[in-house]
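I have placed the structure first, in the form of structure tokens, so that the comments after it can refer back to it.
By convention here, the first residue in the shown sequence is residue 1.
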Amino acid sequence: MNRTRREFLAGTAGAMALPLFAGSVFAQSGGSLRIGALNPVTGAGGPYGEGMQKMILAAAEAINAAGGAAGSKIEIFAEDTQTDPQAAVLAAKKLIEVNKVEAVLGTWSSGISLAVIPLTNDAGKILMHTSGAPALSVPPANEKGLGYRFQATNDRFGRAFAEIAEKEGFKRPATMAFNNASGIGNTEGFKKAWTAKGGEVVSEVVYEPKQASYRSELMQILAAQPDVIVTGSYVGDTTIILREWYQTGQPVKWIIPGWAANSDLVAALGADVVEGIISVDSISNEKAPSFAAYDKAYQAAMGKPGTDNVYAAMTWDMMTVLALAVEAAGSTDMAKVNEKMRDVANPEGTKVYTFAEGKEALKSGPINYEGASSVLDFDEHGDVTPDFSASFVEDGKINRRYVVKI
């Protein structure tokens with residue numbers, strides 16, 4: 001069976017899937033709560049998708065081991081978005097219409113989440129995603145308030161880029177953006193923050209995907225003599241752009257989002273080409289007990305430290321906070337669950353770091369789940385504000401130099 005389309009039954013490995021019940025019956029009978037894991041196992045998000053999917057499963061297993069949420073066992077149905085909006089829509093329809101899931105967790109990239117959220121809205125399902133586009137915060141995308149973002153918005157990323165550019169002493173930034181909501185959102189967020197500081201962006205280019213060469217766009221940018229180029233990009237296009245830039249010999253620095261400036265980029269280009277690149281990413285809540293629980297699960301599943309995949313920490317939190325909201329609601333009815341999301345994640349309340357702790361603490365009063373990926377305080381749009389890392393590529397290794405708080 002195709003690994004990326006198989007159905008996982010969390011907590012009961014090897015067992016047959018539980019019978020399907022209507023949502024109203026779950027709370028009464030202690031049946032199963034069906035959850036869709038919709039992640040980028042292949043495509044541009046492939047380096048992260050498998051870990052994201054496995055952490056949804058691992059969190060569900062922990063929830064089931066603690067007796068389930070509101071008496072219901074969690075059942076996971078996993079699909080691959082292929083990091084492609086059309087494939088993601090088809091997969092989301094299957095999850096909603098065939099698998100009858102009550103929530104969809106873990107879409108990656110703004111184009112994917114923007115394509116999927118109309119489907120989840122129409123079905124009255126919660127969508128939890130890791131995408132940055134500001135449009136996902138407001139109507140029409142989030143008109144029903146069923147969307148929750150566990151990643152920083154592009155505006156927040158842009159502010160982090162600007163803080164780093166200022167700290168590093170750059171004066172003449174330019175921007176290159178992949179032509180989609182995420183790419184453009186990152187560079188526009190940077191421009192907004194940079195100009196608010198009194199700065200000027202000397203050149204801007206938006207480029208089309210899947211080109212064999214980006215030389216003409218690159219030469220347009222280099223002609224403006226920038227001292228740094230800020231990108232909204234992915235690994236594939238960034239690889240081509242940096243290779244062609246290196247061939248020009250023109251000195252310039254680069255600030256690149258962490259999902260593009262990662263170990264795959266270093267391996268593809270070699271240490272000389274990527275030396276000095278600044279990789280910027282949101283970082284997990286690494287000192288929290290919740291991160292320790294996630295890190296243990298991630299290492300068991302993937303054989304790597306949890307810091308290797310910030311998006312996996314987000315999906316661990318998605319499953320955990322959703323289950324806590326179910327427990328607080330005493331129901332798997334998503335309208336009732338949605339009303340409890342901020343109640344279990346935002347101050348005030350007893351701080352908890354695992355589902356089991358939260359389930360027990362809810363017997364005594366309000367709780368505040370402090371996540372593995374961030375403190376997980378949802379604002380009025382369902383967005384969170386993580387911290388950011390400024391990492392520098394040095395001798396072929398990506399080394400975090402400092403943390404940026406916005």
Side-chain angles (χ1 to χ4, degrees), residues 43-47 83-85 108-112 114 131-135 154-155 157-162 164-165 168 170-195 199-262 264-281 392-393:
T83 325
D84 176 84
W108 185 93
S109 104
S110 296
I112 302 299
L114 286 167
S131 308
N154 290 134
D155 278 349
F157 259 100
R159 287 165 59 190
F161 291 160
I164 292 166
E168 296 302 316
F170 298 123
K171 304 296 184 184
R172 294 178 54 80
T175 64
M176 294 188 72
F178 188 102
N179 190 13
N180 70 3
S182 178
I184 294 172
N186 279 339
T187 56
E188 287 185 346
F190 167 75
K191 181 180 180 181
K192 179 181 177 181
W194 186 252
T195 56
E200 177 188 2
V201 175
V202 298
S203 184
E204 304 169 62
V205 163
V206 174
Y207 59 87
E208 298 302 321
K210 298 181 180 179
Q211 296 187 57
S213 171
Y214 298 97
R215 187 173 297 276
S216 61
E217 294 92 339
L218 178 63
M219 296 311 294
Q220 179 182 334
I221 289 289
L222 293 177
Q225 298 294 313
D227 54 6
V228 66
I229 300 174
V230 178
T231 77
S233 57
Y234 298 101
V235 173
D237 45 293
T238 304
T239 301
I240 298 170
I241 290 168
L242 289 180
R243 182 180 293 118
E244 293 181 333
W245 158 72
Y246 189 73
Q247 291 168 354
T248 71
Q250 182 168 330
V252 68
K253 297 295 185 181
W254 295 83
I255 297 177
I256 301 174
W259 57 81
N262 57 20
D264 288 346
L265 184 74
V266 176
L269 291 172
D272 290 345
V273 178
V274 298
E275 180 70 19
I277 285 173
I278 304 172
S279 174
V280 183
D281 211 343
F392 290 66
V393 182

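Using a 4.5 Å heavy-atom cutoff, the side chains of Val280 and Pro257 are not in contact. Using a 4.5 Å heavy-atom cutoff, the side chains of Asp237 and Pro209 are not in contact. Residues Leu269 and Thr239 are in side-chain contact: their nearest non-hydrogen atoms beyond the backbone lie under 4.5 Å apart. Looking only at side-chain heavy atoms (C-beta outward), Thr231 and Phe190 stay at 4.5 Å or farther from each other. Counting only heavy atoms from C-beta outward, the side chains of Lys253 and Ile277 never approach each other to under 4.5 Å. Contact of the Phe170 side chain with the Ile278 side chain is registered, since non-hydrogen atoms from C-beta on lie closer than 4.5 Å. Residues Phe157 and Asp281 are in side-chain contact: their nearest non-hydrogen atoms beyond the backbone lie under 4.5 Å apart. With a 4.5 Å cut-off on side-chain heavy atoms, Ser131 and Trp108 do not count as touching.
If you check the side chains of Thr195 and Glu200, you find no donor sitting under 3.5 Å from an acceptor. A donor-acceptor pair shorter than 3.5 Å can be found between the side chains of Thr238 and Ser233.
Of all non-hydrogen atoms in Ile240 and Ala212, the two that sit nearest each other are CG2-O, 3.7 Å. The two atoms that bring Gly276 and Phe392 nearest to each other are O-CD2, 4.3 Å, heavy atoms only. When all heavy atoms are compared, the tightest approach of Leu114 to Ala181 is CD1-CB, 3.8 Å. Here the shortest heavy-atom pairing between Leu265 and Leu242 reads CD2-CD1, 3.8 Å. In terms of heavy-atom proximity, Ala193 sits nearest to Gly158 at CB-O, 4.0 Å. Here the closest non-hydrogen pair linking Ala260 and Val235 is O-CG2, 3.6 Å.
With Thr175 contributing its side chain and Glu204 its backbone, the two residues share no donor-acceptor pair below 3.5 Å. Looking at Arg172, its side chain does come within 3.5 Å of a backbone N or O of Ala224 through a donor-acceptor pair. At distances below 3.5 Å, not a single donor-acceptor pair connects side-chain atoms of Asn154 with backbone N or O atoms of Gly189. Remark: the backbone N or O of Gly45 is paired with a side-chain donor or acceptor of Thr83 at under 3.5 angstrom. Of the possible polar contacts, one joining the Asn262 side chain to the Trp259 backbone as a donor-acceptor pair under 3.5 Å is found. The backbone N or O of Arg215 sits less than 3.5 Å from a side-chain atom of Ser213, completing a donor-acceptor pair. Judged by distance alone, with hydrogens and angles left aside, the side-chain atoms of Ser279 form a donor-acceptor pair with the main-chain N or O of Ala261 at under 3.5 Å.
The CZ atom of Arg243 lies 14.0 Å from the OG1 atom of Thr248; values are rounded to the nearest 0.5 Å. Rounding to the nearest 0.5 angstrom, the gap separating the NZ atom in Lys191 from the CG atom in Asn186 is 15.0 Å. Distance OG1/Thr187 to CD1/Ile255: 12.5 Å, rounded to 0.5 Å. Note: Glu208 CD to Tyr214 OH = 9.0 Å, rounded to the nearest 0.5 Å. A distance of 7.0 Å separates CH2 in Trp245 from CH2 in Trp254, rounded to the nearest 0.5 Å. Between Gln247 atom CD and Leu218 atom CG the span is 10.0 Å, to the nearest 0.5 Å.
Contacts of Lys171 classified as side-chain contact (heavy atoms from CB on, under 4.5 Å), with partners at least two apart in sequence or in another chain: Asp227. For Glu188, there are no salt bridge (Lys or Arg N to Asp or Glu O under 4.0 Å) partners, not counting sequence neighbours. Applying the side-chain hydrogen bond (donor to acceptor under 3.5 Å, both in side chains) criterion to Glu217, with sequence neighbours excluded, gives Gln211.
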**Request:** Would you sort out whether Tyr207 and Asn179 count as a side chain to side chain donor-acceptor pair (under 3.5 Å), showing the intermediate values?
**Result:** CA-CA 6 Å; Tyr207 59 87; Asn179 190 13; over 6 Å; no
